[in-house]
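Atoms considered below: every heavy atom in the structure, side chains included; atoms not considered: hydrogens, waters and symmetry mates. Because the structure is predicted, anything quoted here is derived from the model rather than measured.
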Amino acid sequence: MTLDGLKKLMATPGIGLQEMKVFAELFSRLDYENFIQLAQVDIAEATGMAKPHVSRSMKKLIEVGAIIPGPKVGRSQTYRLSPDIGWRGGKKQLRAALSVIEGGKP
């Protein structure tokens with residue numbers, strides 16, 4: 001994660017302590033190429049938050065572009081951390097991911 005990305009997220013209007021708590025849990029589960037597979041009930045248990053609060057925080061994080069929803073795998077939703085905030089993977093894959101976000105081809 002870049003400090004600039006974290007600062008940008010923290011300075012985003014509407015991002016408060018609950019959203020940052022959920023973001024920290026998601027970030028702790030980050031897999032290669034920014035994939036995250038985690039049920040909201042698991043986030044609620046890990047953070048001690050009520051599931052409706054987790055759901056609202058997830059929606060806000062998606063709305064501001066911090067995380068990107070992906071397909072469901074079983075009962076769990078998948079997500080990706082925005083490469084603008086941080087990256088776990090190789091440089092070549094990062095360039096491709098950033099290109100897609102900027103409207104280019106993968």
Side-chain angles (χ1 to χ4, degrees):
M1 176 187 276
T2 66
L3 287 177
D4 289 339
L6 184 58
K7 282 182 182 180
K8 179 181 172 184
L9 180 60
M10 289 173 38
T12 301
I15 297 296
L17 183 58
Q18 288 186 339
E19 289 80 15
M20 291 306 295
K21 198 171 184 180
V22 169
F23 180 80
E25 183 60 28
L26 291 169
F27 189 77
S28 75
R29 310 282 183 110
L30 191 64
D31 204 351
Y32 194 72
E33 293 190 7
N34 286 16
F35 285 101
I36 307 162
Q37 181 180 347
L38 187 61
Q40 287 188 13
V41 69
D42 295 332
I43 297 170
E45 288 176 12
T47 60
M49 294 171 62
K51 191 174 177 307
H53 296 282
V54 170
S55 180
R56 279 193 294 274
S57 295
M58 292 292 293
K59 286 179 184 176
K60 189 64 176 178
L61 290 168
I62 291 168
E63 181 183 302
V64 301
I67 58 173
I68 302 160
K72 277 193 169 189
V73 175
R75 290 182 17 208
S76 296
Q77 179 71 42
T78 62
Y79 305 94
R80 286 184 87 173
L81 174 69
S82 171
D84 289 339
I85 294 175
W87 183 255
R88 183 174 183 192
K91 287 181 183 178
K92 184 176 182 181
Q93 291 86 357
L94 173 58
R95 283 192 292 273
L98 287 171
S99 174
V100 169
I101 287 176
E102 294 168 356
K105 295 180 182 178

Between Phe27 and Leu81, is there a side-chain heavy-atom distance shorter than 4.5 Å? yes
Output every pair passing salt bridge (Lys or Arg N to Asp or Glu O under 4.0 Å) with a member in residues 11-24, not counting sequence neighbours, ordered by first then second residue. none
Spatial distance of atom CG (Leu61) from atom CE (Met20) [nearest 0.5 Å]: 8.5 Å
So does Ile67 get a backbone contact from the side chain of Ser82, meaning a donor-acceptor N/O pair under 3.5 Å? no
Of all residues at least two apart in sequence or in a different chain, which pass the side chain to side chain donor-acceptor pair (under 3.5 Å) check with Glu25? Arg29
Per-pair distances, 0.1 Å, donor-acceptor, side chain in residues 9-17, under 3.5 Å, sequence neighbours excluded:
unit_1 : atom_1 : unit_2 : atom_2 : d
Thr12  : OG1    : Lys8   : O      : 2.8
Thr12  : OG1    : Leu9   : O      : 3.3

Taking only distance into account, with no hydrogens and no angle test, what donor-acceptor pairs under 3.5 Å do side-chain atoms of residues 35-45 form with protein atoms, sequence neighbours excluded?
none

Would you say the side chain of Ser57 lies within less than 4.5 Å of the side chain of Met49, judging by non-hydrogen atoms? yes
CG (Leu30) and CD1 (Ile85) are apart, to the nearest 0.5 Å, by 11.0 Å
Considering only heavy atoms from C-beta outward, does the side chain of Leu26 approach that of Val22 to under 4.5 Å? yes
Side chain to side chain donor-acceptor pair (under 3.5 Å) with Lys60: which residues, sequence neighbours excluded? Glu63
